[in-house]
Amino acid sequence: MKYISTRANYDLVSAAEAIRLGMVPTGGLFVPENVPTFTKDEIYQMSKLSYQEIAYQVLEKFLTDYSQEEIREVIAASYNDNTFAKEDIAPVVKLNDNTYILELWHGPTAAFKDMALQILPHLLVKAIQKGDSDKEIVILVATSGDTGKAALEGFKDVDGIKIIVFYPNDGVSKVQEAQMLTTEGDNTVVVSVEGNFDDCQSAVKEIFGDVDFNQLINQNGYQFSSANSINWGRLVPQIIYYFAAYADLLRDEAIEAGEKINVSVPTGNFGNILAAYYASQMRLPVNKFICASNTNKVLTDFLKTGVYDINRDFHKTISPSMDILISSNLERFLFEMTGHDAEKINGWYDDLKTTGRFEIDEATKAKIKDIFVGEWTTEEETQATIAQVFEEYNYTLDTHTAVGIDSYQKYLKESGDQTVTIVDSTANPYKFSKSVLEALEGESQEENEFKILDTLNQVTGLEIHRGLQDLEEKEIRHNRSCASQEITAEIKDILGIK
Ligand SMILES: *Cc1c(COP(=O)(O)O)cnc(C)c1O
């Protein structure tokens, strides 16, 4: 299995190379040359397998340059009783006959990013061993909160790798910030950046494309790589849980073999929903993909009109991990939907760069509309959904999952589609305690997020996630900050380069 660039501007590479490089060095993203498939019976047989065994089946198809033993080692190191507290790595919880919640936050940092970031460092270490580079890998991460901590936890104390995380000083919660700033490990660095997430992400993306700077880094014995969801090694592990969830539904007899499901995904960078799409290309029976957005609804508008337009206000919402205007992984999706037409992708992304917008052709638009639905949720609706679901089902949603539920409910109302639907739960409610508590109890003057955790615990009775307990007592270990234009200088300083 080889990987190609969405911009047709790079040679074919192996999975290990794609993972090592993170992004195509000349711009663009790596995607598999063709998507492998399972038979209907293979998918049915997964209902008898563990998460780890399903993971093996999926990874083996994509990582053909990794040995069977390597894949098994990587899985064992990533998905175990230490990293995931529950025996069930990604449990499916029934809300009602149509609605099932896929809990993706049982990893160490209480966010769905753990699903991929527990495994990526191990995939990367093997990838480095396969190459002939003697450079130390420096992982650069731009985060809107959850990715940063999940990456830090995944990479801390992994030999031969350094990780530098940049987060927007104005775009993460106190709990998220505390999680990051208390990270241990000798190879971890955390930097607060002035501005919003898009500024932060764009600055980091530019560094990956900055040939001169990369050369300078190389001369000093380093090589950049990415842990953002643009890295194929982030995406492929996310395909696994869609098969595992389907297997759960089969096991519980919620569906029959071959029956189609819907998936509703609270979306930001488009990685999670893209993984669901790839699962469907591997023959997982999916009817509709519901792309759920908050008030930063650039994707909803795109799915309705075929115009992707970032010339709009950026809203800070109570679901901050979805506060994104440039959804990087959309590029991969469009590449797939155009039948790998790199010329179109180049045109659209040139337009995006120069004008902040692009418009896709009618044929591609129709193809997308056939399977994707865009819905969005206001702040008030997010809060109301948290209250409604708690009252009706005694189940506590975080703000992002609430967007997924509300968007699904809107779709259900409009379409009457009774298909069994999986709604991805992308964060444990304690990660966004203040907003969740306010949704349940009304506005509060309490500003101390750590106290709020305890209050939420009293109101819901839900156990505080282990990754969020006792955060105030931990030592702050990081104190760097810079402007988004200074990121290059900051990196030089961190690596000791003149
Ligand atoms: C990252 C994140 C999302 C968005 O996922 P994408 O793969 O970027 O679309 C949604 N919710 C939470 C809690 C997240 O951390």
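Numbering of ligands and ligand atoms starts at 1, following listing order. No experiment lies behind these values; they were computed from the predicted model shown. Both backbone and side-chain heavy atoms feed into the values below; hydrogens, waters and symmetry mates do not.
Under the rule for a side chain to side chain contact (heavy atoms under 4.5 Å, CB included), the partners of P237 that lie at least two apart in sequence or sit in another chain are Y79, A116, I119, I240.
The aromatic ring centroids of Y51 and F84 lie 6.0 Å or more from each other. The six-membered or imidazole ring of Y278 lies near that of W232, with a centre-to-centre distance under 6.0 Å.
For NZ of K174, the number of neighbouring non-hydrogen atoms (other residues, nucleotides, ligands) closer than 6.0 Å is 12 at most.
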For ligand 1, which of its N or O atoms have a protein N or O partner closer than 3.5 Å, and how long is each gap?
residue	atom	partner	partner atom	Å
ligand 1	7 (O)	G271	N	3.2
ligand 1	7 (O)	N272	N	2.8
ligand 1	8 (O)	N269	N	2.7
ligand 1	9 (O)	G268	N	2.8
ligand 1	9 (O)	N269	N	3.2
ligand 1	9 (O)	F270	N	3.0
ligand 1	11 (N)	T426	OG1	2.8
ligand 1	15 (O)	K113	NZ	2.5
ligand 1	15 (O)	D146	OD2	2.6

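Salt-bridge annotation for R7 and E331: present, with a side-chain N of the basic residue lying under 4.0 Å from a carboxylate O of the acidic one. With respect to the salt-bridge test (charged N to carboxylate O, under 4.0 angstrom), the residues E153 and K149 qualify.
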